[in-house]
Protein chains: 2
Amino acid sequence: MVTIKEVAKKANVAVSTASYALNGIKKVSPETKEKVLQAARELNYRKNGFASDLKRNSTKTLALILSDLSGPFYSELIRGVQDVATDHGYDLIACSAIGGENSTAAKFLTEHRVDGCIVLAHNITDEMLKNVAHHHFPIILLDREIEIDSTVHVRVSNKRGGFKATEYLIQNGHTDIAFVSGPSNSYDNKMRFAGYQEALQAYNIEPQNKWVVSGNFTREGGESAANILAAQDQGPTAVFFANDEMAVGGMEAFQKRGISIPNDISIIGFDDILEAKYVNPKLTTIRQPKYEMGASATHLIFQMLKNEKVNPIFELHTDLIIRESVKKL
Amino acid sequence: MVTIKEVAKKANVAVSTASYALNGIKKVSPETKEKVLQAARELNYRKNGFASDLKRNSTKTLALILSDLSGPFYSELIRGVQDVATDHGYDLIACSAIGGENSTAAKFLTEHRVDGCIVLAHNITDEMLKNVAHHHFPIILLDREIEIDSTVHVRVSNKRGGFKATEYLIQNGHTDIAFVSGPSNSYDNKMRFAGYQEALQAYNIEPQNKWVVSGNFTREGGESAANILAAQDQGPTAVFFANDEMAVGGMEAFQKRGISIPNDISIIGFDDILEAKYVNPKLTTIRQPKYEMGASATHLIFQMLKNEKVNPIFELHTDLIIRESVKKL
DNA sequence: GTGAAAGCGCTAACAT
DNA sequence: ATGTTAGCGCTTTCAC
């Protein structure tokens with residue numbers, strides 16, 4: 001490996017001069033600069049980023065921690081993060097939390113390898129986050145329930161969204177409304193369900209246990225939930241899937257059984273994934289402001305980096321997107 | 001920031017001893033070890049990963065360079081990379097090549113921040129790759145045309161795949177076969193088109209310029225290509241979309257115009273994306289072995305790291321996946 | 001088993 | 001404008 005020392009020697013200057021030249025610091029005369037650059041080129045010099053970060057005590061990079069790099073994820077959200085990071089001259093890397101304590105995520109979280117982290121991973125334990133969170137190392141948690149000291153949460157109003165979805169169904173004349181839930185340990189799911197229940201109550205509709213079935217947030221889960229619902233003597237006239245992924249699977253399952261959407265049954269989802277508008281009929285759903293979530297999270301990091309005080313909770317709103325999958329009764 | 005020095009002081013040992021204890025090196029007696037660990041806990045010590053990497057001169061991490069972190073990408077491929085990296089005790093980070101010379105990707109490529117790179121990004125120039133590639137820094141290029149010294153290429157047999165797709169159409173009685181191409185600067189696209197042409201020639205079918213339309217590898221591009229094709233007096237009986245993304249868009253566009261698939265027109269794609277089997281009718285396509293691409297690329301990196309000789313080109317094969325979108329004439 | 005000390009490659013304060 | 005040098009936090013050789 002060729003170091004700055006060798007470059008300096010070849011250019012007949014001191015290391016400091018070489019460093020200044022290489023970093024474009026004006027102190028150095030144009031001729032010396034060119035000499036250094038030339039030497040660097042000839043030696044094919046590449047700086048050692050770690051050494052430089054170590055010295056400067058700053059990495060100018062942010063990490064985005066995801067449950068699984070290869071999982072499906074919100075590209076809009078990432079774009080939000082990326083845009084803001086770039087605006088501030090920061091780099092962004094993504095890493096996976098698979099492996100828990102031994103994951104790449106853990107390494108970045110604990111070893112001062114980045115200046116801040118955005119965590120969108122449910123496989124990172126609260127325990128670990130607690131151990132790592134301290135001042136001067138900003139951590140933003142997305143969609144987490146538990147509050148952790150010196151950590152900031154960015155959330156979406158899942159409960160209000162669940163309420164809106166259910167209310168929209170009710171306003172279209174539905175009273176027999178099923179809820180297909182995600183995994184029970186999911187904070188998102190819990191809140192969306194709470195919104196569903198609240199809406200039923202607000203409109204004096206008796207909740208029915210048989211109409212709450214679970215679907216694990218996956219397409220397949222949505223299919224089997226739809227099949228369970230369709231097999232009942234007296235099925236619901238509408239179903240609220242706790243995410244679009246399941247709604248898409250559910251729609252397919254209903255249609256396969258000859259049940260027409262929205263004529264025989266109305267469907268509403270949650271998330272507004274890309275596919276929602278390509279499915280047939282187009283899916284009515286609750287949109288999460290994903291780009292804004294990413295952008296806000298990143299803005300918060302920079303505020304924290306500047307030692308500004310930030311509110312520990314930042315909540316964003318949801319919108320009802322009306323398309324074609326709900327019929328007025 | 002609390003350093004190992006402070007831990008050592010608190011534990012009343014030398015830094016070296018603290019280092020041994022912290023790294024689980026057996027030299028140190030159980031009691032001293034416990035003393036050190038205790039001190040570290042109390043001080044909430046986090047090691048500085050850079051300092052350690054700098055000293056060890058190895059990062060034990062690989063970078064996966066993508067055109068755009070927020071773009072749609074092959075999660076199967078990433079899983080392949082991830083699995084193999086993990087097996088070798090390496091970490092994996094993903095970063096974006098947006099910004100070219102100033103991108104995060106460039107930083108990782110040039111600054112010795114990782115032990116090897118897998119590049120799946122067309123916005124990294126050959127020039128840059130050339131400057132960076134040298135022995136002891138393994139770089140694997142995915143789906144690239146130009147060969148670069150001391151760099152290894154993993155490819156898929158796009159041309160054979162294009163041939164197979166076209167041949168399958170021909171074997172089903174089609175002779176009026178359109179080709180919807182991707183961006184002209186894409187190596188994948190070029191090769192798939194070459195396969196298409198070769199198949200036509202092999203079966204003595206006259207190629208028709210009016211049946212080659214471009215679609216930019218996007219869903220929208222597929223839609224407009226389909227619309228162009230559908231508007232022709234005498235349209236094709238089959239169309240080969242150079243990727244599934246476009247095929248899905250094209251199918252929707254055809255169906256919107258009342259053209260039935262596969263009754264009125266047959267469709268074949270390329271890639272076998274997840275959606276291919278959820279679309280209606282299910283899409284017949286050419287599958288790329290994406291997991292294997294990722295896994296092979298990563299294996300190659302480790303071979304290079306061990307200074308083993310590797311072949312500069314590694315080609316994987318494609319398979320025809322027959323589903324429902326092609327009809328026998 | 002433990003400690004002292006060199007040094008990884010770089011930056012920046014200070015001296016010239 | 002350029003050079004000398006301390007030191008970032010860590011690992012590891014060598015001496016005890």
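Convention: sequence-line order gives letters A, B, ...; per-chain numbering from 1.
Of the inter-residue distances, the one linking A:F314 atom CZ with A:L142 atom CG reads 11.0 Å to the nearest 0.5 angstrom.
The local environment of CG in B:D149 is sparse, with at most 12 non-hydrogen atoms from other residues, nucleotides or ligands closer than 6.0 Å.
Proximity note for B:T3 (side chain, C-beta onward) versus D:dG3, D:dC10, C:dT11: the nearest is D:dC10. Between D:dT11, C:dC10, C:dA4, one nucleotide has an atom nearer to the side chain of B:K47 than all others, and that is D:dT11.
Rounded to an integer number of Å, the gap from A:Y45 OH to C:dG9 C1' is 7 Å. The CZ atom of A:F50 sits 15 Å away from the C1' atom of D:dT11 (whole-angstrom rounding). At whole-Å resolution of the value, NZ in B:K5 and P in C:dA4 are 12 Å apart. One interatomic measurement links the two molecules: NE2 of A:H112 to P of D:dG9, which rounds to 9 Å at whole-angstrom precision. Per the geometry, CD belonging to B:E111 stands 10 Å off P belonging to C:dC10, to the nearest Å. Between B:K9 atom NZ and C:dT2 atom C1' there is a gap of 19 Å when expressed in whole angstrom units. The interatomic distance linking A:R46 (CZ) with C:dC10 (P) rounds to 12 Å, in whole Å. D:dG9 atom C1' lies 15 Å from atom CG of B:L43, rounded to whole Å.
Of all the heavy atoms in B:S52 and B:K47, the pair that sits closest is OG-NZ, 3.5 Å. Closest approach of B:Q82 to A:S70, counting heavy atoms only: NE2-N, 4.3 Å. Between A:L316 and A:P289 the shortest heavy-atom distance is CB-CG, 3.9 Å.
Against DNA chain C, the stretch residues 28-42 of chain B makes heavy-atom approaches under 4.0 Å through B:V28, B:S29, B:T32.
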Polar pairs (N or O, both sides) under 3.5 Å between protein and nucleotides 12-16 of chain C?
residue: C:dA13; atom: N6; partner: A:Y20; partner atom: OH; Å: 3.3

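Donor-acceptor pairing under 3.5 Å is lacking for the side chains of B:D91 and B:T61.
Residue B:N12 is the one, among B:N12 and B:L54, whose nearest nucleotide of DNA chain C lies closer to the 5' end (criterion: closest heavy atom).
Side-chain contact between A:L300 and A:Q303 is present, with at least one heavy-atom pair separated by less than 4.5 Å. Between A:F302 and A:D115, the closest side-chain pair of non-hydrogen atoms is not below 4.5 Å.
Between A:F50 and B:F50, the angle of the ring planes stays under 30°, which puts this pair in the parallel group of the 30/60° scheme.
Here A:N57 lies out of heavy-atom contact (under 4.0 Å) with every strand.
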